[in-house]
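Okay, so here's the structure we're looking at.
We number each residue from 1, following the sequence as shown. We use all heavy atoms of the structure for the numbers below, so side chains are in, but hydrogens, waters and symmetry mates are not. Remember, it's 1-based here, ligands and their atoms both numbered in the order they're listed.
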Amino acid sequence: MIENDPRAAAAALLDGGLVILPTETVYGLAGRADDPSAVARLYAAKGRPLGHPVIVHVADAASALSSDSPNAWVRDVPDYARALAEEFWPGPLTLVLPRAERAGDHVTGGQDTVGIRVPGHDLARSVIAAMDTAEPDSAPHGVAAPSANRFGRVSPTTFGHAWSELGDALDPERDSVLDGGACSVGVESTIVDCTGPAPRVLRPGAVSIADVERVTGLLTEDNAHGIRVPGALPSHYAPQAHLVLATDEDSLLAYADAALEGGTAAPNIGVIAPPAFAVPDGVQWLLRVEDSSQYAHDLYAALHQADAVEVDLIIAVLPDSDPEGVGDAIIDRLRRAAAPR
Ligand code: TXA
Ligand code: MG
């Protein structure tokens, strides 16, 4: 089953199978995007409620945005969306565009837009390119690939995480897996709605709002009139442990002391903090935060680790807000992980 063979994975996808697929952001669970039954199996494997849109992943930017072919996924692509694609694809950016007919309700959740991206991981692109080679008449192929975690849980950033979340939901006869190593970015792609006169960031990621504004020359709009983005549910990306957010060393210590004084049995506490911070005896380090790229890269692994060693309470120190970098995406994910379930 684990062959690390893009052609075998492409053959599985073309036949309606599912593939655990590495991308540069997080691992995805991929299924053929123009096959409603493959996409239905994805939802079932994840336990994801129906009606949540999935992102269509395509091998290259020209194919993703061509709107004149009968196999197009999108239409009416504004110039600013092309500029973003040119700058950031392949990479951690998803564009939400008006859908063409091929992007059926099964990928759009019934909305008239579709999310599309060209992943930055070579293995992911070569699988999709192999589908195009095998079936040129239906190129450009797309694979729907939600993050390879059970609904509401932490996204996987290593093959082992993805396998432990979803391995038992796969059918060894039909499905396949690819191990592409640890994901280089570590948080999900930036989602930019490109259906209005100016871009609107629906989910922050490694491509920052400042990046979007610099490349398009436009100010981003607020996400005020609530497009549905399930990743935007208040509680999401949640580990099993309770998670609280500290702003500095004092608040970290206050949370730790309160937890240690609270109950009868000493709780198992894990921290995510800069290495210079003092932590009380008996509290374990989950992640020593050096900078925001490393924080993004290692955050989900730290949350998985907390679950693996049955931490009761995670105290995470928020990074500084940095509109230029990935810090705001980390803050967004930490807030959701800490939200009441
Ligand atoms: O980095 C990523 O984007 C990863 C990797 C595997 O590519 N994928 C990912 O997929 O995070 P998923 O399904 O876990 O999250 C996709 C998010 C959802 O919150 C969904 O609501 C939003 O994208 N989305 C997809 N299509 C959309 C659309 N047409 N309009 C608004 N939001 C959309
Ligand atoms: Mg997800």
Evaluate the criterion side-chain contact (heavy atoms from CB on, under 4.5 Å) for residue pair V192 and R200; output intermediate values, then yes/no.
CA-CA 5 Å; V192 181; R200 185 166 36 185; 5.9 Å; no
Applying side-chain contact (heavy atoms from CB on, under 4.5 Å), run through V212 and Y80 and close with a yes or a no.
CA-CA 9 Å; V212 171; Y80 72 79; over 6 Å; no
E213 vs T220, test: side-chain hydrogen bond (donor to acceptor under 3.5 Å, both in side chains). Steps then yes/no.
CA-CA 6 Å; E213 295 187 340; T220 53; 2.8 Å; yes
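Considering each of G109, P146, G51, the one bringing a non-hydrogen atom nearest atom 10 (O) of ligand 1 is P146. Scanning V26, T94, L97 for the heavy atom closest to atom 4 (C) of ligand 1 points to V26. Looking at T23, L42, I55, it is I55 that brings a heavy atom closest to atom 16 (C) of ligand 1.
Contacts of R48 with ligand 1, taken as heavy-atom pairs under 4.0 Å, involve the side chain alone. Contact annotation: for R99 versus ligand 1, there are no heavy atoms closer than 4.0 Å. With a 4.0 Å heavy-atom cut-off, ligand 1 is reached by no atom of H52.
Considering backbone and side-chain N/O of T25, one or more are found under 3.5 Å from N/O of ligand 1. Ligand 1 has an N or O atom lying under 3.5 Å from an N or O atom of S189, backbone or side chain. Taking distance alone, with nitrogen or oxygen atoms compared against 3.5 Å, S147 approaches ligand 1 more closely than that limit. Between T113 and ligand 1, a contact under 3.5 Å exists for at least one N or O pair.
Taking a cut-off of under 4.0 Å to the non-hydrogen atoms of I191, the atoms of ligand 1 that pass are 17 (C), 22 (C), 23 (O). Listed by number with element, the atoms of ligand 1 under 4.0 angstrom from any heavy atom of V114 are 29 (N). Within the listing of ligand 1, atoms 6 (C) sit less than 4.0 angstrom from a heavy atom of G28. Counting atoms of ligand 1 from 1 in the listed order, those under 4.0 Å from a heavy atom of E188 are 1 (O), 11 (O). Of all atoms in ligand 1, listed by their number and element, those nearer than 4.0 Å to a heavy atom of A145 are 6 (C), 8 (N), 10 (O).
Ionic pairing of R153 and E165 is present here: one or more N-O contacts between side-chain nitrogen and carboxylate oxygen are shorter than 4.0 angstrom. Electrostatic pairing of R41 and D15 does not count as a salt bridge here, judged by no charged N lying under 4.0 Å from a carboxylate O.
Within a 6.0 Å sphere centred on CD of Q294, other residues, nucleotides and ligands contribute more than 12 heavy atoms. Dense packing is recorded around CG of D168, with more than 12 heavy atoms of other residues, nucleotides or ligands lying under 6.0 Å away.
Side-chain contact check for R203 and T94: no donor-acceptor pair (N or O, by modelled atom type) lies under 3.5 Å.
A cation-pi arrangement is present between R48 and Y43, with the terminal nitrogen or guanidinium carbon under 6.0 Å from the aromatic centre and inside a 45° cone about the axis.
Residues meeting the salt bridge (Lys or Arg N to Asp or Glu O under 4.0 Å) test with R99, sequence neighbours left out: D105. By the ring-ring contact (aromatic ring centres under 6.0 Å, His included) test, H121 pairs with no residue at all, sequence neighbours left out. Considering only residues two or more places apart in sequence or on other chains, D211 meets the salt bridge (Lys or Arg N to Asp or Glu O under 4.0 Å) condition with R214.
The set of protein atoms (N, O or S) found at less than 2.8 Å from the Mg ion (ligand 2) reads S147 OG, by chain and number.
For the pair P280 and L260, the minimum side-chain heavy-atom distance is below 4.5 Å.
For H57, the closest heavy-atom approach to ligand 1 falls below 4.0 Å. The closest approach between P119 and ligand 1 stays at or above 4.0 Å for every heavy atom of the residue.
The aromatic rings of F151 and H52 sit tilted relative to each other, their planes meeting at an angle between 30° and 60°.
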